[in-house]
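This report concerns only the one structure given below.
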Amino acid sequence: MLKIFNTLTRKLEEFKPLHKNKVGLYSCGPTVYNYVHLGNLRAYVFVDMLKRYLVWRGYEVTHVMNITDVDDKTIRDSQKSGKTLKEFTDFYEEAFIKDLDSVNVRLPDVMPRATEHLEEMISIIRSLLEKGYAYKQGDSIYFSISKSENYGELAELSKQNLKENADQRLNVKDEYEKDSANDFVLWKGWKEEDGDVYWETEFGKGRPGWHIECSAMSMKYLGESFDIHCGGEDLVFPHHTNEIAQSEGCTGKHFVKYWMHNAHLLIEGQKMSKSLGNFFTLREIADKGYLPILVRIVLMKVHYRQNLNFTFVGLDEAQAIAKKILDTLIDLDFITATGENDFDAAGLVEGSRQKFLEAMDEDLNVSGAFAELMNLLAEVNRQIKRINPVQAKLLKEYLFELDGVLGFIRLIYDRYLVNLARVEKDSEIQEKIKQRLFFKSNKEYEKADGIRAELLARGILISDAPGDKYVLRLSYL
RNA sequence: GGCGGUAUAGCCAAGUGGCUAAGGCAACGGUUUGCAAAACCGUCAUUCCCCGGUUCGAUCCCGGGUGCCGCCUCCA
């Protein structure tokens with residue numbers, strides 16, 4: 001039984017989709033005005049793992065993630081760069097997709113852009129006006145939270161004593177226009193600084209507010225009620241709180257069954273901030289010589305509701321884990337045993353799968369799942385000398401099956417195979433390997449070791465096996 | 001000021017009202033190897049942040065501290 005923590009009830013709940021085994025999943029996507037940083041990436045890796053696990057568990061998942069391609073920041077920065085809004089956001093959208101790919105995040109089924117869903121947003125706003133949830137003030141339209149029953153349930157606002165303008169971020173002008181400080185904007189009337197970014201609509205010239213886009217796009221693709229909505233914990237209030245108010249105000253139906261929020265991350269023990277210069281992007285990590293997929297391992301290894309401290313030591317640890325798994329896969333490829341034995345590979349796999357599932361079923365306990373993977377590897381390594389090719393195939397298939405959830409093993413292994421093929425085609429390297437074997441069998445160890453060192457410098461590690469055999473491990477990470 | 005999260009070894013990190021407190025990284029010793037690499041075996045938590053309470057029994061439940069983190073209008 002899969003249990004997940006629902007922010008709405010603050011409890012672990014059994015997961016039961018609204019429609020049999022079909023799951024509608026929405027996650028908040030990026031505002032495309034810059035490269036994504038590690039904090040953003042954690043959210044996307046989390047949703048990816050959740051989705052992969054649901055699929056592994058047999059659910060049919062439809063995943064929708066929005067692209068916010070119009071807001072204050074995209075307008076401001078596109079103007080600064082002298083590009084049109086579209087040129088500007090297209091650039092970062094493309095970069096975003098590349099970054100997701102390099103941490104092996106599977107793309108959502110639908111990635112709708114806000115600017116392409118004005119109709120849907122307008123229709124929700126119209127309905128909210130008709131039903132009295134919204135009011136026009138100046139050129140803008142606001143949602144009146146006092147009209148909304150249960151407003152703030154998700155964020156448990158009733159328990160809180162909201163500090164007015166806690167962060168000094170409230171715009172004083174906006175303040176005058178709203179009936180209540182906490183009312184939020186659905187439609188923003190055009191202002192001079194918006195330049196040529198506006199839509200002519202029945203509400204006048206302007207653009208949509210932020211919250212409305214997620215309501216519009218999620219309901220368009222997943223229906224008025226759907227199963228899971230994800231996002232970073234900072235979005236609980238106000239973004240998701242307001243999404244609920246708008247959507248439920250408009251449809252009169254319960255919007256989302258399960259809300260899941262991932263915790264934030266620290267960088268080397270410190271808050272990410274512009275002034276500390278620790279807003280790492282994937283490119284910056286890669287420039288330091290780390291394979292981007294290692295970032296996925298780091299982000300995934302810690303439970304999603306736990307604060308994660310991103311460190312370069314952690315990246316090294318991820319590298320060691322990846323290497324350990326790959327080394328076992330390589331050993332399975334180079335097995336020499338052929339005969340019958342009493343090793344119960346199928347039983348080992350079945351037991352392991354059960355433990356992996358039990359761990360992940362507990363609100364995605366990845367640590368437990370990793371522990372099981374490590375225990376399996378240890379057992380395989382203990383038995384490696386007697387495992388035969390049939391058993392090796394079974395074990396490899398199982399590791400790749402788990403990788404359907406984890407999402408890094410196959411990628412690292414394939415990379416190894418590509419490099420290995422390159423080495424095998426390289427006649428110069430092959431010649432060196434032969435020479436080394438010759439020196440070695442002649443007990444000319446200095447010469448043999450010299451060649452080994454030379455090859456190692458080129459990323460090729462020769463591991464001797466009994467007899468004349470050897471295993472090539474590449475410096476792949 | 002209000003609300004919430006969290007504290008487990010040198011580091012990362014599960015977990016449980018009682019039995020050996022998972023797993024990984026690092027380190028150290030050993031087996032194997034011509035030497036390595038990989039692997040295996042072994043060592044590595046007697047305040048599980050502190051104080052108090054409940055209990056036959058608390059790392060776990062409750063209360064109070066302390067540290068760190070977050071939210072309180074456009075941030076993943």
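Just so we're clear, the structure is a prediction, and the values are computed from it rather than from any experiment. Just so we're on the same page: letters track the sequence lines, and every chain starts at 1.
Under 3.5 Å, the side chains of A:Ser367 and A:His303 contain no donor-acceptor pair of N or O atoms. Side-chain contact annotation: A:Asn66 with A:Thr68, donor-acceptor N/O pair under 3.5 Å present.
No contact: A:Lys385 has no heavy atom under 4.0 Å from any strand. Within the nucleic acid shown, A:Ile462 comes within 4.0 Å of at least one base atom, counting heavy atoms only. Within 4.0 Å of A:Val302, counting heavy atoms only, lie sugar-phosphate atoms of the nucleic acid but no base atom. As judged by a 4.0 angstrom heavy-atom cut-off over every strand, A:Arg382 is placed among residues touching the sugar-phosphate backbone only. Across all strands, A:Asn309 comes closer than 4.0 Å to no nucleic acid atom at all (heavy-atom distances). Within 4.0 Å (heavy atoms only), A:Gly39 reaches at least one base atom of the nucleic acid. Among the heavy atoms of the strands lying under 4.0 Å from A:Arg452 is at least one base atom, whether or not backbone atoms are also near. Using a 4.0 Å heavy-atom cutoff across all strands shown, A:Arg207 reaches no nucleic acid atom at all. Residue A:Asn375 is in sugar-phosphate contact alone, with no base atom involved, counting any heavy-atom pair closer than 4.0 Å across all strands shown. If you check every strand for non-hydrogen atoms under 4.0 Å, A:Asn365 touches sugar and phosphate atoms only. The residue A:Asp234 sits close to a base: some heavy atom pair falls under 4.0 Å. Nucleic acid contact for A:Ala448: none, since no nucleic acid atom lies under 4.0 Å from a heavy atom of the residue.
Judged by Watson-Crick or G-U wobble contacts below 3.5 Å, the nucleotide B:G29 has B:C41 as its partner. Under the Watson-Crick or G-U wobble criterion, with both distances below 3.5 Å, B:A14 has no partner in any strand shown. In a base pair of the Watson-Crick type (N1 to N3 plus N6-O4 or O6-N4) or a G-U wobble (N1-O2 and O6-N3), with each distance short of 3.5 Å, B:G1 is matched with B:C72. Across the strands present, B:A21 finds no partner; the criterion is a Watson-Crick or G-U wobble pair with both atom distances under 3.5 angstrom. Across all strands shown, the partner of B:G63 is B:C51, judged by Watson-Crick or G-U wobble contacts whose two distances both fall under 3.5 Å.
Seen from the ring of A:Phe5, A:Arg305 counts as a face-on cation partner, given the 6.0 Å and 45° thresholds.
In this entry the distance linking CG of A:Leu12 with P of B:G15 reads 10 Å, nearest Å. Rounded to an integer number of Å, the gap from A:Leu266 CG to B:G5 P is 18 Å.
B:A13 has no base stacking with the ring of A:His303 when judged by centroids under 5.5 angstrom apart and an interplanar angle below 30°.
Counting heavy atoms from C-beta on, the side chains of A:Arg473 and A:Lys323 never come closer than 4.5 Å.
On a pure distance criterion of 3.5 Å, a polar donor-acceptor pair joins the side chain of A:Glu317 and the base of B:G24.
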